[in-house]
Each structure stands twice: as C-alpha cells, then as structure tokens.
Amino acid sequence: VNVVKKVVPASAPGDLNAALPAPGWEFSAAAASVTPASAVTDASGAFIFATATSSTQPVTVTETEQGGYQLITQGGKNASCQTPDGTSVPVTDAARPPGFTVEARASQVVTCVVYNQD
C-alpha cells in the first residue's frame, strides 16, 4: 500500500489540483503483516507499507495530525485509493486519529492519496 500526502495551499482553498507533495507527515499502519509499522513521508510526499501475505488483508492507516492543517475528504472519505490501472479501491474511514482502512491486495500495488488544507 502506497500512501501519498498532499497539502492544498491556503491560497487555493479546496482546489485538489493545486495540492503539493507533503514531506514530514507520519503515518502508522495496523495489519497482521505490515512493515514498517510507521513511516514518514519523503520529499515526494509518499512512502510504502509492505504486506507479507499471499491474499488480501485489511490495512488500517492513520496519520499523526499536524496543527494548522485540516483533512480534506474525497467523496466523503479520508482517502482515495486505486490500483495502477486506475481501478478504484474502496476505503472505510477510521475515526481518530484520522485514517482509513483499505484492502491490501497480494501482488498488486494500491496507492492511496490523503489531502489536507493548509
């Protein structure tokens, strides 16, 4: 499961197309066989949670909130996820801290994007 964090600048409220990669955001994952258990986004705003399983399994990803930022939901969800071919992967919101649960799929990359407003 790839996670990409993007922040919409204050000068473009709600405009997801204006969002920029956000390094330095910490996320944690909870699942049976996920590594690492937590990670910090790099300069591209991304990181990878790997699963060691031959089937699908739910992975719950939560973020450490940063002051001065507000989560932007996408279609009422805390993240949007898809496979490399653009197929949408359903998410379920996690309440506190903000996060989401997505199915990690064996031998398939799932990329999830989380937006915040500056």
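The structure displayed is predicted, hence computed values, not measured ones.
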When rounded to the nearest 0.5 angstrom, what distance separates SG in Cys112 from CD in Gln74?
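These two atoms lie 9.5 Å from each other.
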Residue pair [X] / [Y]: nearest heavy atoms and the distance that separates them:
{"X": "Gln117", "Y": "Gly14", "result": "OE1-N, 2.8 Å"}
{"X": "Val102", "Y": "Pro90", "result": "CG2-O, 3.8 Å"}
{"X": "Asp93", "Y": "Gly76", "result": "OD2-O, 3.3 Å"}
{"X": "Ser28", "Y": "Ser38", "result": "OG-CB, 3.7 Å"}
{"X": "Cys81", "Y": "Val110", "result": "CB-CG1, 4.0 Å"}
{"X": "Pro9", "Y": "Ala18", "result": "CD-O, 3.4 Å"}

Determine whether [X] and [Y] make a side-chain contact, defined as any pair of heavy atoms from C-beta on separated by less than 4.5 Å.
{"X": "Val113", "Y": "Ser80", "value": "yes"}
{"X": "Val8", "Y": "Asn116", "value": "no"}
{"X": "Thr83", "Y": "Val109", "value": "no"}
{"X": "Thr62", "Y": "Phe100", "value": "no"}
{"X": "Phe47", "Y": "Trp25", "value": "no"}
{"X": "Val59", "Y": "Thr101", "value": "no"}
{"X": "Val89", "Y": "Thr87", "value": "no"}
{"X": "Glu63", "Y": "Lys5", "value": "yes"}

What residues form a side chain to side chain donor-acceptor pair (under 3.5 Å) with Asp118, not counting sequence neighbours?
none
Looking at Gln70, I want to see if its CD is surrounded by more than 12 non-hydrogen atoms of other residues, nucleotides or ligands under 6.0 Å.
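12 or below, so no.
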Hydrophobic clustering (ILVMFWY, side-chain heavy atoms < 4.5 Å, transitive) - are [Y] and [X] grouped together?
{"X": "Leu71", "Y": "Val7", "result": "yes"}
{"X": "Val34", "Y": "Val4", "result": "no"}
{"X": "Tyr115", "Y": "Val3", "result": "no"}

Keeping Thr73 on the side-chain end and Asn78 on the backbone end, is there a donor-acceptor pair under 3.5 Å?
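Not a single qualifying donor-acceptor pair exists.
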Is the backbone of Ala104 close enough, under 3.5 Å, to the side chain of Thr56 for a donor and an acceptor to pair up by distance?
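It does not hold such a pair.
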Tracing side-chain contacts under 4.5 Å among Ile, Leu, Val, Met, Phe, Trp and Tyr outward from Leu20 reaches none
